[in-house]
Amino acid sequence: MPLVEWTPDFEVGSCAMDQQHQQLIEIVNRYRTALNRKAPRAELVTIFEEVADYARHHFREEEALMVGHAYPGLAAHRQTHRQLMDRVTELLLNLRAGEPAAARQIQSFLTHWLTAHILDTDVKYKPFVHRAA
C-alpha cells in the first residue's frame, strides 16, 4: 500500500505542478517500500537524496509559476519551502550518519509534508492559476 496516493484533491490548477507532485509522491512511495523491506541505509539515503533534489527543482518551478501569476502569497510560500528544505537537509544528515530513528522520522515527515503542503498550502494558489488561464 502506498504511503500517499494521488487523488483529484491534490490538483492545484497547473498540469506541470500536478505532474511534479505526482512524481514526488512516486519517489516518496519508493522510499516507504524500501523502508518496509528493510533496505540498506545506503539505498534509503539514495532515495531520500532523490526526494531532496526533486523537491529543490519543484520548488523553483512552483515559485516561478507563482511569480508568473502574481500570486500574493509568494513570500510566505517561499519561506515555507525554505523551512521544508532545511528539515530535509537535517533529516538527510541524520540518515547518512546512521541515526537509528532517522529512517522512520523521514517517512513520517514525508507523509505530513506531501499531504499538508499540497492540500493546505499549494492549493491556495489554485484560484490565481485558474483565473489567469
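Remember, predicted model here, so these are calculated numbers, not experimental data. For the numbers below, each heavy atom of this structure counts, side chains included, while hydrogens, waters and symmetry mates do not. The residues of the chain are indexed from 1 along the displayed sequence.
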Starting at OG1 of Thr111, measure out to CD1 of Ile106 and round the result to the nearest 0.5 Å. 11.5 Å

Give me each pair satisfying side-chain hydrogen bond (donor to acceptor under 3.5 Å, both in side chains) with a member in residues 93-104, each pair once, sequence neighbours excluded. Glu49-Arg96

Does Arg41 have any side chain to side chain donor-acceptor pair (under 3.5 Å) partners at least two apart in sequence or in another chain, and if so, which? none

Nearest 0.5 angstrom please: Leu91 CG to Leu95 CG, how far? 8.5 Å

Determine, stepwise, if the pair Leu44 / Gln107 fulfils side chain to side chain contact (heavy atoms under 4.5 Å, CB included). CA-CA 11 Å; Leu44 296 175; Gln107 179 175 293; over 6 Å; no

Residues passing the side chain to side chain donor-acceptor pair (under 3.5 Å) test with Gln19, sequence neighbours excluded, are none

Considering residues at least two apart in sequence or located in another chain, which fulfil the salt bridge (Lys or Arg N to Asp or Glu O under 4.0 Å) criterion with Arg82? none

Between Ala34 and Glu43 the two heavy atoms that sit nearest each other are CB-OE2, 3.9 Å

Can you list every pair that meets salt bridge (Lys or Arg N to Asp or Glu O under 4.0 Å) and has a residue in residues 15-29, with sequence neighbours left out? Glu26-Arg30

Quick one: list whatever passes ring pair (Phe, Tyr, Trp, His ring centres under 6.0 Å) with Phe109, sequence neighbours left out. Trp113

Kindly indicate whether the side chain of Asp53, heavy atoms from C-beta on, has any atom under 4.5 Å from the side chain of His57. no

Measure the NE2-NZ distance between His69 and Lys126 for me, rounded to the nearest 0.5 Å. 14.0 Å

With sequence neighbours excluded, give me every ring pair (Phe, Tyr, Trp, His ring centres under 6.0 Å) pair touching residues 6-26. Trp6-Phe10, His21-His58

Identify, with sequence neighbours excluded, every residue that meets side chain to side chain donor-acceptor pair (under 3.5 Å) alongside Glu11. none

Does one hydrophobic cluster hold both Met85 and Ile118, with members joined at side-chain heavy-atom distances below 4.5 Å? yes

Asp9: which residues meet the side-chain contact (heavy atoms from CB on, under 4.5 Å) condition with it, sequence neighbours left out? Thr7, Leu119

Verify same cluster id: Leu65, Val67 (apolar side-chain graph, 4.5 Å): yes

Do Val12 and Gln20 have side-chain heavy atoms sitting under 4.5 Å apart? no

Using the ring pair (Phe, Tyr, Trp, His ring centres under 6.0 Å) rule, collect all pairs that involve residues 80-100, keeping only residues at least two apart or in two chains. Phe59-His81, His77-His81, His81-His117

Taking only residues two or more places apart in sequence or in another chain, which ones pass side chain to side chain donor-acceptor pair (under 3.5 Å) with Glu90? Arg87

Point-to-point distance, once rounded to the nearest 0.5 Å, from CD of Glu62 to CG of Leu74: 10.0 Å

If a pair satisfies ring pair (Phe, Tyr, Trp, His ring centres under 6.0 Å) and one of its residues is in residues 25-47, list it, with sequence neighbours excluded. none

Residues Val51, Val88; criterion side chain to side chain contact (heavy atoms under 4.5 Å, CB included); working and verdict: CA-CA 9 Å; Val51 170; Val88 165; 5.6 Å; no

